[in-house]
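Okay, structure first, notes after.
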Amino acid sequence: MLVTQQPVLRRFWYALVPLTDLDDGPKPFTLLGQPLVLWKNAEGDPVALEDRCCHRTAKLSKGFVEEGRIVCGYHGWTFNEAGACVRIPQVADRPIPKSCQVKSFRCQGKYGYVWVALDDPLQPIPDFPEDADPAYRRIFQFYETWKSSPLRFMENSFDAAHFSYVHRANFGIYEQPKPQVFEIKESEWGFEAHTIVPIRNPENGFRVTGSSEPFTERHLYNRWHMPSVRRFGCIYAQTGRHHIIYNCATPIDDGTMVLVQWLYRNDSEEDCSTQELIAWDQAIVDEDRDILEATDYDACVDTSRRVEQHMESDKPGLLMRKMLLGLLHAHGEEEVYRK
């Protein structure tokens, strides 16, 4: 599925950049092939416009912010958060034509990130209940550009069969390649999946898991929010520690995505430091990235094409593909793929 060719995918919210990235001025971002400029208005809220001045097409991201409005760095044309030109310095004594307009997009700040929906969203930004719960601390872990696609990342997140191989140098048990089965509960916009996964517990993971035993168990309460947000709800059964990850796989273009990762823990910095937690998950994320960038980003959602063969443990990914194909059909679209 070529994500830039499927208009319905524009109707979801995606996490783009940390809000703090806009503190020193406007920033460019490409979402689903659409160039954007992001900045903060006078109230400190994020704004998203098309990254083209309507005068001579200069990128507005090359400009600067003045009094909460973005100023084009070429001739100083100034635009408000609705994309209307409010100042043309060279003809300041004349009315500004209404046609002097740049396209604006829905934009919100949430969970410390800028979220954008290019068209009327079908669903709100997914709920991260731990973010408002004082029992948890939030750690911003990763913000990385990958040469892969959101579907590849999402289905890998629910693929218990890869642990013994991709993560064999980490927590995977190479001697036990048969994967655990997810119990799946479908909803209109995704699903929940539960399973128990035994893992190796190397010494560098003792403070992460809270256990010094050579093996432990993860009780996983995972969720997929269509099309590209997931919750990894890990509870270490022996110690009761929660290691809850949220990801947004944000599509830049058909073969490139940004991985955003938040971590929520119900322990303290003294129990396990932020740096230890980032280092633990960085090794895992690097292993996933290495193998996913070796796959074809154009993952087909129409499995009747038989481009790939499947096995029983692929059920969560196959359900994603089925639901995404249903989404396309419900909005009058067919899957677009490379021929």
Side-chain angles (χ1 to χ4, degrees), residues 2-5 7 9-10 12-119 121 125 140 142-150 248-260:
L2 300 181
V3 293
T4 63
Q5 305 302 308
L9 296 181
R10 296 169 58 92
F12 291 90
W13 290 97
Y14 300 94
L16 272 55
V17 300
L19 281 162
T20 53
D21 278 13
L22 307 185
D23 289 347
D24 59 353
K27 296 293 187 296
F29 193 94
T30 299
L31 174 61
L32 286 164
Q34 171 65 61
L36 303 172
V37 58
L38 311 170
W39 85 93
K40 286 183 177 179
N41 63 17
E43 289 72 41
D45 298 321
V47 181
L49 297 184
E50 185 174 12
D51 196 11
R52 286 292 181 198
C53 180
C54 61
H55 175 220
R56 286 293 180 267
T57 74
K59 291 184 177 182
L60 291 171
S61 56
K62 294 290 187 181
F64 56 94
V65 177
E66 188 173 76
E67 297 179 349
R69 295 165 173 172
I70 192 159
V71 181
C72 180
Y74 195 3
H75 295 94
W77 287 35
T78 304
F79 299 87
N80 65 17
E81 58 196 77
C85 183
V86 294
R87 181 172 181 263
I88 300 177
Q90 295 79 13
V91 288
D93 57 339
R94 300 180 191 175
I96 299 174
K98 291 184 179 180
S99 60
C100 294
Q101 179 84 23
V102 175
K103 188 173 183 179
S104 63
F105 299 93
R106 293 165 183 81
C107 187
Q108 289 186 35
K110 199 162 188 177
Y111 314 131
Y113 266 77
V114 179
W115 294 73
V116 169
L118 296 177
D119 289 328
I125 296 171
F140 295 119
F142 309 121
Y143 177 68
E144 301 177 345
T145 301
W146 289 23
K147 293 296 184 182
S148 189
S149 62
C248 186
T250 300
I252 294 175
D253 52 34
D254 291 321
T256 315
M257 55 165 261
V258 164
L259 172 68
V260 180

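Just so it is clear, the model here is predicted, and its values are computed rather than measured.
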From [X] atom [atom1] to [Y] atom [atom2], the distance as rounded to the nearest 0.5 Å:
{"X": "K147", "Y": "T145", "atom1": "NZ", "atom2": "OG1", "answer": "8.0 Å"}
{"X": "I88", "Y": "C72", "atom1": "CD1", "atom2": "SG", "answer": "11.0 Å"}
{"X": "F142", "Y": "L259", "atom1": "CZ", "atom2": "CG", "answer": "8.0 Å"}
{"X": "T78", "Y": "F64", "atom1": "OG1", "atom2": "CZ", "answer": "7.0 Å"}
{"X": "D45", "Y": "L19", "atom1": "CG", "atom2": "CG", "answer": "9.0 Å"}
{"X": "L36", "Y": "L16", "atom1": "CG", "atom2": "CG", "answer": "6.5 Å"}

For the side chain of [X] and the backbone of [Y], is there at least one donor-acceptor N/O pair under 3.5 Å apart?
{"X": "W115", "Y": "K110", "value": "yes"}
{"X": "E81", "Y": "S104", "value": "no"}
{"X": "E50", "Y": "G83", "value": "no"}
{"X": "D51", "Y": "P35", "value": "no"}
{"X": "R52", "Y": "T57", "value": "yes"}
{"X": "W39", "Y": "G68", "value": "yes"}

Residue pair D254 / T4, side-chain donor-acceptor N/O under 3.5 Å: yes
[Y] and [X], any side-chain heavy atoms less than 4.5 Å apart:
{"X": "K27", "Y": "V17", "answer": "no"}
{"X": "K59", "Y": "V37", "answer": "no"}
{"X": "T250", "Y": "F29", "answer": "yes"}
{"X": "C53", "Y": "Y74", "answer": "no"}
{"X": "F105", "Y": "R10", "answer": "yes"}
{"X": "L32", "Y": "P251", "answer": "yes"}
{"X": "P46", "Y": "L22", "answer": "yes"}

Distance-minimising heavy-atom pair for Y113 and F140: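 That closest heavy-atom pairing would be CE1-CD2, 4.0 Å.
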Nearest non-hydrogen partners of P26 and L60, listed with the distance: CG-O, 4.4 Å
E67, CD: over 12 other non-hydrogen atoms inside 6.0 angstrom: no
Crowding at CZ, R69 (>12 non-hydrogen neighbours, <6.0 Å):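 No, CZ of R69 has 12 or fewer neighbouring heavy atoms, counting only those of other groups under 6.0 Å.
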side-chain contact (heavy atoms from CB on, under 4.5 Å) evaluation trace for I70 with V102: CA-CA 11 Å; I70 192 159; V102 175; over 6 Å; no
Aromatic plane relationship, W77 with H55 - under 30° parallel, 30 to 60° tilted, over 60° perpendicular: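 If you compare the ring of H55 with that of W77, the planes turn out parallel.
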Full working for side-chain contact (heavy atoms from CB on, under 4.5 Å) between C54 and F79: CA-CA 10 Å; C54 61; F79 299 87; 3.8 Å; yes
Full working for side chain to side chain donor-acceptor pair (under 3.5 Å) between T256 and D253: CA-CA 5 Å; T256 315; D253 52 34; 2.9 Å; yes
